[in-house]
Amino acid sequence: MEYNFKEIEAKWQRRWKEDKTYHVEIDPSRPKYYVLDMFPYPSGAGLHVGHPLGYIASDIYSRYKRSCGFNVLHPMGYDAFGLPAEQYAIQTGQHPAVTTERNIARYREQLDKIGFCFDWDREVRTCDPSYYKWTQWAFLKMFSHYYDRRVQKAEPIEKLVAAFEKSGTADVDAACTTEMTFTADDWRAMSEVQKEQTLQNYRIAFRADTMVNWCPKLGTVLANDEVKDGLSVRGGYPVVQKRMKQWLLRVTAYAQRMLDGLESLEWSDSLKEIQRNWIGRSVGAQMFFDIVGSDRKLEIFTTRPDTIYGVTFMVIAPEHEWLSELTTEENRAAVEEYVEQTKKRSERERMAETKRVSGVATGSYAINPFSGKRIPIYVSDYVLAGYGTGAIMAVPAHDSRDYAFARHFGLDIVPVVAGGDLSVSSYDAKEGKMINSEFLDGMDVKEAIKFMFEEVENRGIGRRIVNYRLRDAIFSRQRYWGEPFPIYYENDIARPLDEKDLPLELPPIENFGPTEQGEPPLARVKGWRYETSTMPGFAGSSAYYLRYMDPHNDKALVGREADEYWRNVDLYVGGIEHATGHLMYSRFWNMFLYDLGYVCEPEPFKKLVNQGMIQGRSNFVYRVVGTNTFVSAGLKKNYETQEIHVDVNIVRNDQLDLEAFRAWRPEFADAEFILEDGKYTCGWAIEKMSKSMFNVVNPDYIVDQYGADTLRMYEMFLGPLEQSKPWDTNGIDGVHKFLRKFWRLFFDREGNFALNDDKATDKELKTLHKTIKKVREDIENFSFNTSVAAFMICLNELGECHKRDILEPLTVLISPFAPHIAEELWSLAGHNTTVCDARYPEYDEKYLVESAFEYPVSVNGKVRFKKEYPLSATVADISADIVTTPEAQKWLEGAAPKKIIVVPGKIINLVK
RNA sequence: GCGGAUAUGGUGUAAUUGGUAGCCACGUCAGACUUAGGAUCUGAUGCCGAGAGGCGUGGGGGUUCGAGUCCCUUUAUCCGCACCA
């Protein structure tokens, strides 16, 4: 009987669907395990072979955990709101809902063919009103809460109002946009509009007039993580800084908790590091500088208060709010021109020209609070408005940017730390002895920094503070295809909808572009009295893992019982590209809901594995210039050739299918070939997988040719999961061959089912248990490539073995990787339960004794390290062995171990 | 510029975590069988060398009885942040 994967896979996929094999419910009698994939955005292009990589890994892990007795939640859904569908709608007039629906159907079809164990009853779609009701609900909660720094959690805004009424800001320490000070009387004297404006300064979801990333081409604002190198991540269009009134989320309130929380997570170090950098905590001093002829004090932030005596000028950002006030009449024209110039430059230009020094003197002077010296204040765009206070004290001797500025404008450079050569560059290192600094002289830099923190506070000119690079997340998008804000306006005061009126449904429209006044498309809807912006893509994906726990609950995002059972995601698999976006927002969102008591875990994703990206492997043919003749890669150096991308689907093992090539495109119909050994060999290169390179490999095609089980195992065999690697179909035969070989073990030469009950030999048992141990350990370590190799080694060692004792455990062992073939063989072996419910095999140490001990012994005149000892061997036994051979004795001379450590089942170590 | 990761045959990779480098595959070569195939099976295959043997984990140095693994240094590639004070 042949291995007919098409029939087998169709049969079991149908069976799993009919029987709801993978449906899960809360079951307090079993431990839970929650395995989650980052749900896909259903794009029009469908899945390519790289997309399922992470899904296959998580599917293997889910099936493995289930076999180990866990109640495994493994859901899937769609991140269905987003820009591409809307861009497509603007071009074609097709409603995004229609294209999204169509794309989802296509995704589902492709996913089903690979045999995943998703519980589809729990599917969620972010664009579904019954889903985004809860996105809107969370937003309302954020609107009606503020962050109390003293208790380090979100609290109802009514508490803040009560505090204001009682004593103004005196007893308030809350996260806010700008620090405010007012009394209870001030508060009571405010108009309703003023009160609301004040509260907006504290709400966690708030509206503010801030500098935002504006993308003119997309017609919308973007969050920081949606901009890279001054271009939009989606589409790659230029982004400019613009002051606009926008909705924001106060994620900065959670900066420290998000930083601390990383410690408890099993995430890769690199990913944690990316988040740490993104949060960008830095400890420094806030200091106030008097301004000559003004009551104002200029506030700055510095991490190097020790260099205070080296301050020779100050710089403020062009957007600094006091710029105009600090500018003298003589300098006004120059400053205004400079500010205008800066405004015109895009973010990208500004970044590209970081080496160019520019700036203008304001004409004002400040007083160094320590030396009492008068120092000029400049304006320059190398100081950013959004970080710290938008103003700096410049220490040209010890900061390279200040150095360049001072050199350019001929300002003083005063060294305060010994070391370096200031005629060449600044000395930025935080080491050395202080000089020219009065009371700091002779101190070490680190000592001086610490000392200055205290000194600044003692003198009452500032204090030690912590600054974060993290910014509040811009939450509105001037787009149609997203969640509407449950907000309406009264005299420009934002008013929340009542929770019972959710969801606020997205109204149908026909024209998806902005209005003539440049307003978002929702402004065009007659009778729409709500906010016209919609929420960004990350809104819907921030809490979807909670919804899977209880997807049909219409009373709560997630019910208490479901939340307390499923708690949080045990294993999350997805791409690292979400490090500063989704993975930050989700943590913030979850922590907020945790503060309010809606969820019982502060962190949403306990363990996270980043699968690598699959690149494309392109193939080339070489056309002899000016002809329609193509020369094989090995011979191309003899000709002048032109390299042409060829569809990888008509190339096999880098050899071109000549007939398919002629049929591929009309201009190649009469192509001639110069062959090597009767074959045409193509060239190849690693490139991004994309249509234009003709290197897109569709998983459907692989499933059709080799079957889902082969695809699954081959994707794992390709290399370590975390590593990015090119897709190369060339090696797939090996895996397919392995599965056929496995299949044949269950049949005799005549093709009859031939599992027998003969007793397994010790050698066979050794092979089996070795494999079980290896595979179990590999799955736990996400080392799926080596577990596939272990299966292959196992079959090579077993040879022709039809024994039930061996093959049944192997079938279960392989079932997470190749579930279809495992189900079929399991059923042929006479079981009428699904292989998913079979207990995952355990290994028995007694069959693995050979690896129990290793110790240096002498073999063939060289000191070797392999010898078997029985489990009962003592240190004395082993020590005796060492000194029995002359070579070992010699080795021991002058290097005799002081102590011998013996660990059962492990290597023995020598401690000298 | 700062931070992180990686570097092993013709290719993808493996290495009991400091103990015989190259497992398992792909590819290649040779052979068997044959209804000639994109099938199956067997063997060989790191490099140099006829051989004995020598050399081999990006380069250089070090620690060690012993280094792909640890340390220093250097080069290359990839990723993240980037005028962050």
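The figures that follow rest on heavy atoms only: side chains count, while hydrogens, waters and symmetry mates do not. Chain letters run A, B, ... following the sequence lines, proteins first and then strands; every chain starts at 1.
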Nearest whole Å is fine: how far is [N] [atom2] from [X] [atom1]?
X: A/Arg276; N: B/rC2; atom1: CZ; atom2: P; value: 20 Å
X: A/Ile793; N: B/rA15; atom1: CD1; atom2: P; value: 11 Å
X: A/Asp428; N: B/rG1; atom1: CG; atom2: P; value: 13 Å
X: A/Ile279; N: B/rA82; atom1: CD1; atom2: P; value: 14 Å

If we call it a pair only when both distances are under 3.5 Å in a Watson-Crick or G-U wobble match, what pairs with [N]?
N: B/rA39; result: none
N: B/rC83; result: none
N: B/rC55; result: B/rG46
N: B/rU64; result: none
N: B/rA5; result: B/rU77
N: B/rU20; result: none

Just checking A/Phe791 against A/Phe817, ring centres under 6.0 Å apart?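 Between A/Phe791 and A/Phe817, the centre distance is under 6.0 Å.
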Expressed as a whole number of Å, how far does the [atom1] atom of [N] sit from that of [M]?
N: B/rU57; M: B/rU6; atom1: C1'; value: 14 Å
N: B/rA67; M: B/rC29; atom1: C1'; value: 35 Å
N: B/rU20; M: B/rA5; atom1: C1'; value: 30 Å
N: B/rG10; M: B/rU63; atom1: P; value: 32 Å
N: B/rG9; M: B/rA82; atom1: C1'; value: 40 Å
N: B/rU8; M: B/rA14; atom1: C1'; value: 10 Å
N: B/rC24; M: B/rA15; atom1: P; value: 13 Å
N: B/rG68; M: B/rG58; atom1: C1'; value: 12 Å

From [options], nucleotide with atom closest to [X] side chain:
X: A/Tyr382; options: B/rA85, B/rC83, B/rA25; value: B/rC83
X: A/Phe717; options: B/rA85, B/rC41, B/rG12; value: B/rG12
X: A/Thr786; options: B/rG4, B/rA14, B/rC83; value: B/rA14
X: A/Lys737; options: B/rC24, B/rC26, B/rA85; value: B/rC26
X: A/Ala789; options: B/rU40, B/rC83, B/rC24; value: B/rC24

Side-chain N or O of A/Tyr387 versus OP1/OP2 of B/rA85: is the shortest distance under 4.0 Å?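 Checking B/rA85 against A/Tyr387, a side-chain N or O does come within under 4.0 Å of OP1 or OP2.
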Would you say a side-chain N or O of A/Asn785 is under 4.0 Å from OP1 or OP2 of B/rA14?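 Checking A/Asn785 against B/rA14: at least one side-chain N or O falls below 4.0 Å of OP1 or OP2.
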ring-ring contact (aromatic ring centres under 6.0 Å, His included) partners for A/Phe747, two or more places apart: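 Listed in chain order: A/Trp743, A/Phe753.
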Quick one: list whatever passes ring-ring contact (aromatic ring centres under 6.0 Å, His included) with A/Trp278, sequence neighbours left out.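 Once residues adjacent in sequence are excluded, A/Trp278 has no partner under the ring-ring contact (aromatic ring centres under 6.0 Å, His included) criterion.
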Does B/rU16 count as syn, meaning its glycosidic angle lies within 90° of 0, or as anti?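 Classified anti.
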Side chain proximity check, A/Phe289 to A/Ile375, heavy atoms < 4.5 angstrom: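 They are in side-chain contact.
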Look at the side chain of A/Asp657 and the backbone N and O of A/Ile650, then say whether any donor-acceptor pair between them is shorter than 3.5 Å.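 Side chain of A/Asp657 to backbone of A/Ile650, a donor-acceptor pair under 3.5 Å: no, none is there.
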Look at the side chain of A/Ser268 and the backbone N and O of A/Leu271, then say whether any donor-acceptor pair between them is shorter than 3.5 Å.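 Yes: the side chain of A/Ser268 pairs with the backbone of A/Leu271.
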Determine the interplanar angle of the A/His578 and A/His582 rings, folded into 0 to 90°, and report it as parallel if under 30°, tilted if 30 to 60°, perpendicular if over 60°.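 If you compare the ring of A/His578 with that of A/His582, the planes turn out perpendicular.
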For RNA chain B, whose closest nucleotide is more 5', that of A/Glu273 or that of A/Thr303?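 Checking each residue's closest nucleotide, the 5'-ward one belongs to A/Glu273.
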Tell me which of A/Val735 and A/Lys741 sits closer to the 5' end of RNA chain B, going by the nucleotide each one is nearest to.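 Closest to the 5' end, via its nearest nucleotide, is A/Val735.
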Which pairs with one or both residues in residues 383-399 of chain A pass side-chain hydrogen bond (donor to acceptor under 3.5 Å, both in side chains), sequence neighbours excluded?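 Output for this query lists A/Ser282-A/Tyr387, A/Asp399-A/Arg401.
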Is A/Arg464 close enough and on-axis enough to A/Phe453, meaning under 6.0 Å and within 45°, for cation-pi?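 Flagged: A/Arg464 positioned over aromatic ring of A/Phe453.
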Who passes side-chain contact (heavy atoms from CB on, under 4.5 Å) against A/Phe409, sequence neighbours left out?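 Partners of A/Phe409 by the side-chain contact (heavy atoms from CB on, under 4.5 Å) criterion, ordered by chain and then number, come out as A/Val357, A/Tyr378, A/Phe405, A/Leu411.
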Please tabulate, one pair per line, each protein N/O and nucleotide N/O from nucleotides 73-81 of chain B that are separated by under 3.5 Å, including the distance.
residue, atom, partner, partner atom, Å
B/rC81, O3', A/Arg469, NH1, 3.3

In residues 723-731 of chain A, which residues come under 4.0 Å of RNA chain B by heavy atom?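 Those residues are A/Gln723, A/Asn730, A/Gly731.
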For a side-chain contact (heavy atoms from CB on, under 4.5 Å) check, start with the C-alpha distance between A/Thr786 and A/Lys774, then their side-chain angles and the critical distance, and finish with the verdict. CA-CA 9 Å; A/Thr786 50; A/Lys774 175 82 176 140; 4.1 Å; yes
Contact class for [X] vs. all strands (heavy atom < 4.0 Å): base, sugar-phosphate, or nothing?
X: A/Asn467; value: nothing
X: A/Arg471; value: base
X: A/Asp402; value: nothing

If we count only N and O atoms by modelled type, under 3.5 Å, do the side chains of A/Asn695 and A/Asn619 hold a donor and an acceptor together?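 No pair is found: no donor N or O on one side chain lies under 3.5 Å from an acceptor on the other.
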